[in-house]
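Input: a single structure, listed below in structure tokens.
Keep in mind that this is a model prediction, so the values were computed, not measured. Lettering follows sequence order; numbering is per chain, from 1.
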Amino acid sequence: MSSGGMLYGGDEIGALVFDPGHHSLRVGYAQEDTPKAEIPSVVGVGQTDEQPDTNMDIETKIENNNVTQGGKKYYVDTNYINVPRSHLEVQTYMKDGMIDNWDLFEKVIDYTYAKIVQSESVYHPVLFSEASWNVRNNREKLIELMFEKYNVPAFFLVKNAVLAAFASGRATALVVDSGATHTSAVPVHEGYVLSQAVVKSPLGGDYLSMKCREYLEGQKIDMTPVYKIASKDVIKERDVPRYTTRTMPDSLTNSWQNYMLKAMLQDFQINVLQVLENPFDERAASQIPTVHYEFPTGYHQEFGSERFKLAESLFDHTMLGAGQLASTSVGMCDADVRMSLFGSVVITGGNTLLAGFPDRLNRDLQHRAPSNTRLKMISANGSVERRFGAWIGGSILASIGTFQQMWISSQEYDESGKSQVERKCP
Amino acid sequence: MSDIRDIMEMERPSTEVNRDSFLANKKQRQFERAKTTKRPEGMHREVFALLYNDNKDAPPLLPTDTALGIGSGYKQTKARLGMKNVRKWEWAPFSNPARTDGAVFHHWKRASDDNREYPFAKFNKQLQIPTYTINDYTTHLRTNNDWTKAQTDHLFDLAKRFDLRFIVMADRWDRQDYGHKSIEDMKDRYYEVSGILQKLKGVTTAGSDKKLYTFDAEHERKRKDQLNKLFDRTPEQVEEEQMLLNEMKKIDAKKRERERKTQDLQKLISQADREEERSAQNLQNSRKHEKKLYKKKLQSQPRPSRAESVVNAIEIGSTGIKFSDLRGSGVSLRSQKMKLPANVGQKKVKALEQAILEFKVDPSPPPTDEICNAFNELRSDMVLLCELRSALSTCVYELESLKHQYEADCPGKTLNIPPALQQPEEDESKNIDGISDISLREA
């Protein structure tokens with residue numbers, strides 16, 4: 001402990017921070033500024049009898065203890081999932097913001113300790129983030145898993161909205177988190193989530209991807225993902241693409257193909273879509289310069305007003321638009337905290353990187369907030385800070401000196417069991 | 001001095017540079033230099049100073065301008081980095097006294113500062129939430145019929161867990177088992193119970209001077225209601241309110257305009273009246289004068305009577321001070337009411353000051369409502385008094401001059417001025433009536 005540490009209040013004890021989400025799981029050491037790894041929150045499940053390529057033989061192979069699913073092989077992380085293999089089903093372990101398939105999740109944790117942390121789990125306290133609406137059963141299961149299977153020395157569970165607020169230096173904030181499957185507005189008061197006022201909608205990045213897919217299908221644009229393409233020719237704009245395909249292993253599963261297609265759509269979404277600051281208006285949208293996009297097939301064209309129209313679906317729902325979510329959430333809080341919530345609206349989550357998202361939210365909220373409120377939006381500029389807001393907050397929290405008394409230690413777990421997570425992790 | 005041997009952690013005799021060794025080192029070098037460089041006989045000092053007279057070292061291979069080397073910086077061949085040996089860090093276990101379980105974690109610390117208490121433990125502050133036993137509860141705390149023992153227990157449990165953050169407590173309140181309670185209900189009950197418990201303790205320990213906090217639930221509820229109403233205004237309501245405010249402002253402006261106009265009108269009317277009067281008078285006068293002219297042939301021109309105009313002016317109502325009405329301009333100090341309005345002339349202000357001195361009135365009394373009004377009235381009257389005084393003196397002067405004129409015109413005769421018109425010597429205040437008499441007669 002140095003005097004410098006005392007000055008900044010930091011004391012790092014080698015803790016790990018896990019931030020599971022629908023798109024990815026973020027893992028890294030506390031006190032670092034970015035996660036060590038971002039692992040897609042899907043697991044490829046394949047047959048063992050099939051021989052993989054020799055150079056692909058580094059994937060984690062874990063014997064499954066589950067009797068009914070014997071003889072399965074699991075593929076974790078981008079490098080192993082993105083390889084086309086026959087009969088490889090892609091499954092996610094997340095559901096509704098919570099961990100749902102614990103067997104698959106265990107595979108990912110195993111992989112994390114083996115390949116990313118590369119250290120024994122007994123040496124590192126673990127801080128997990130969770131959705132604000134996580135249920136007791138799930139929380140107890142997680143603490144049980146970490147202590148029983150991984151023998152972690154200490155464990156703690158924090159709501160991801162609280163962490164995102166901490167990452168922006170706030171203890172009281174309205175956290176608007178737009179991720180892959182959800183957009184949620186969570187009021188945080190002095191480091192505690194006001195759980196009665198959490199509002200969420202199922203409109204997120206995946207919803208946009210779906211909209212893009214519908215649109216591209218409607219336009220009859222060839223959406224062959226990049227893995228199928230061996231070579232392509234340079235063509236003129238809107239010409240029929242000329243490309244040759246690779247030979248694929250037969251019987252690729254639908255789930256895997258969809259997963260790969262989604263990756264392509266996400267790229268399209270990142271590069272093309274934009275939200276207008278005001279509600280969609282064909283005339284205003286057509287004034288803005290078009291954006292050029294080339295598909296993996298080589299086909300390319302300009303996208304004009306339709307790129308605004310697609311993104312507008314996140315906001316134009318009268319009940320589920322992000323602005324509506326935020327103002328509803330604040331309206332459900334006690335009148336005394338509303339002012340401070342409006343005074344720091346923290347924007348986080350990968351989907352908020354959609355061009356123009358914060359501006360539009362600001363405008364929508366301004367319209368809905370009472371006229372005399374001081375509205376302040378806090379959104380990190382960097383894409384890393386925005387996407388990993390909750391993880392960064394966790395990294396900060398777990399490396400603060402005064403936090404070290406909060407951990408549920410293995411001793412405590414042995415004494416009082418898993419039920420104390422409800423008491424100790426508010 | 002640190003170098004590769006330090007990094008490799010090899011043992012070597014300590015060459016740590018401290019102040020003494022450093023100074024000794026320096027002295028020695030100076031001595032050497034003094035020996036090697038000698039000024040030749042007959043050479044001028046200035047010329048000698050131009051000569052190269054270092055200790056003939058080879059130039060340094062790398063800049064050695066360290067903080068240490070200031071002064072001797074560029075003359076050394078060897079870099080001197082840092083004065084002290086590096087201090088070791090180690091990954092050491094520690095236990096946090098703020099924890100109850102004595103769990104041991106590891107962190108980096110200096111090997112030198114060992115076995116100190118964990119420095120962050122002192123930040124572990126806990127609120128003192130009062131506790132009660134079942135006995136306490138049954139004998140003293142069954143005061144509120146809305147609260148059962150279970151509910152109160154739950155409340156105090158939450159208070160302990162969330163350090164009296166009532167907003168969070170209300171959020172985590174178990175509605176299924178304990179029914180609905182608002183934040184105000186909770187605060188009310190909490191402070192009620194803790195107050196009772198404190199009183200009980202006060203009886204036993206006697207003399208704890210901690211103040212009892214009483215929570216005014218009714219007031220808080222009202223406040224929250226109003227706050228909610230403020231928040232729940234629809235945009236239309238806000239707009240309407242704004243519109244009404246604007247309308248009110250407009251009406252006010254119109255009203256003021258109308259008042260101003262009527263005042264103007266009144267002024268015009270009174271002026272016109274005066275004109276009429278004056279012209280009638282003039283007519284009379286001229287007629288009289290004509291007669292006189294016929295009679296006396298020699299008659300001086302009638303002087304326009306100054307007294308007349310002065311008295312008229314006083315009568316018409318420029319008397320006193322109109323104090324501005326502060327209503328409608330928002331919050332203000334009451335003492336502002338006593339400020340003289342800006343349109344009072346410099347002369348009047350001077351006169352007023354003198355009058356205040358004369359009557360020995362406190363020039364700035366404490367501005368209570370009554371005093372404000374009375375003081376303003378008083379000053380208004382004082383101004384009136386001053387004006388009347390000056391009018392009186394004008395009249396007297398006029399009278400005197402008329403008398404002289406008369407005596408000059410009719411030598412040997414004296415004009416007997418009736419005593420009522422003589423300048424009185426008594427108290428001013430009594431004479432206001434007299435003055436008006438004069439003015440009447442003059443008119």
Row check, [Y] ring normal vs [X] NZ/CZ: under 6.0 Å, within 45°:
X         : Y         : answer
Lys149(B) : Tyr137(B) : yes
Lys109(B) : Trp89(B)  : no
Arg374(A) : Phe342(A) : no

Before accepting this row, confirm whether a basic side-chain N of the pair [X]/[Y] lies closer than 4.0 Å to the acidic partner's carboxylate O.
X         : Y         : result
Arg221(B) : Asp185(B) : yes
Lys36(A)  : Glu32(A)  : yes
Lys187(B) : Glu184(B) : no
Asp146(B) : Lys181(B) : no

Residues in residues 397-415 of chain A that sit under 4.5 Å from chain B, counting heavy atoms only:
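If one takes a 4.5 Å heavy-atom cut-off, the residues of residues 397-415 of chain A near chain B are Gly401(A), Thr402(A), Gln404(A), Gln405(A), Met406(A), Trp407(A), Ile408(A), Ser409(A), Gln411(A), Glu412(A).
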
Under a 4.5 Å heavy-atom cutoff, which of Arg161(B), Arg223(B), Arg233(B) has the most pairs with chain A?
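Heavy-atom pair counts peak at Arg161(B).
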
Interface check, chain A: of Thr234(B), Ile167(B), Asp232(B), Leu230(B), most non-hydrogen pairs under 4.5 Å belong to Ile167(B)

Could you tell me which portion of [X] (side chain, backbone, both or neither) has an atom closer than 4.5 angstrom to a non-hydrogen atom of chain A?
X         : answer
Phe231(B) : both
Val168(B) : both
Arg165(B) : side chain

Hey, which of His367(A), Arg423(A), Lys424(A) has the most heavy atom pairs under 4.5 Å with chain B?
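Answer, by heavy-atom pair count under 4.5 Å with chain B: Arg423(A).
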
Could you tell me whether the side chains of Asn144(B) and Arg189(B) share a donor-acceptor contact shorter than 3.5 Å?
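Absent: no donor and acceptor within the cut-off.
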
Just by distance, no angles: are the side chains of Ser184(A) and Asp177(A) close enough, under 3.5 Å, to form a donor-acceptor pair?
no

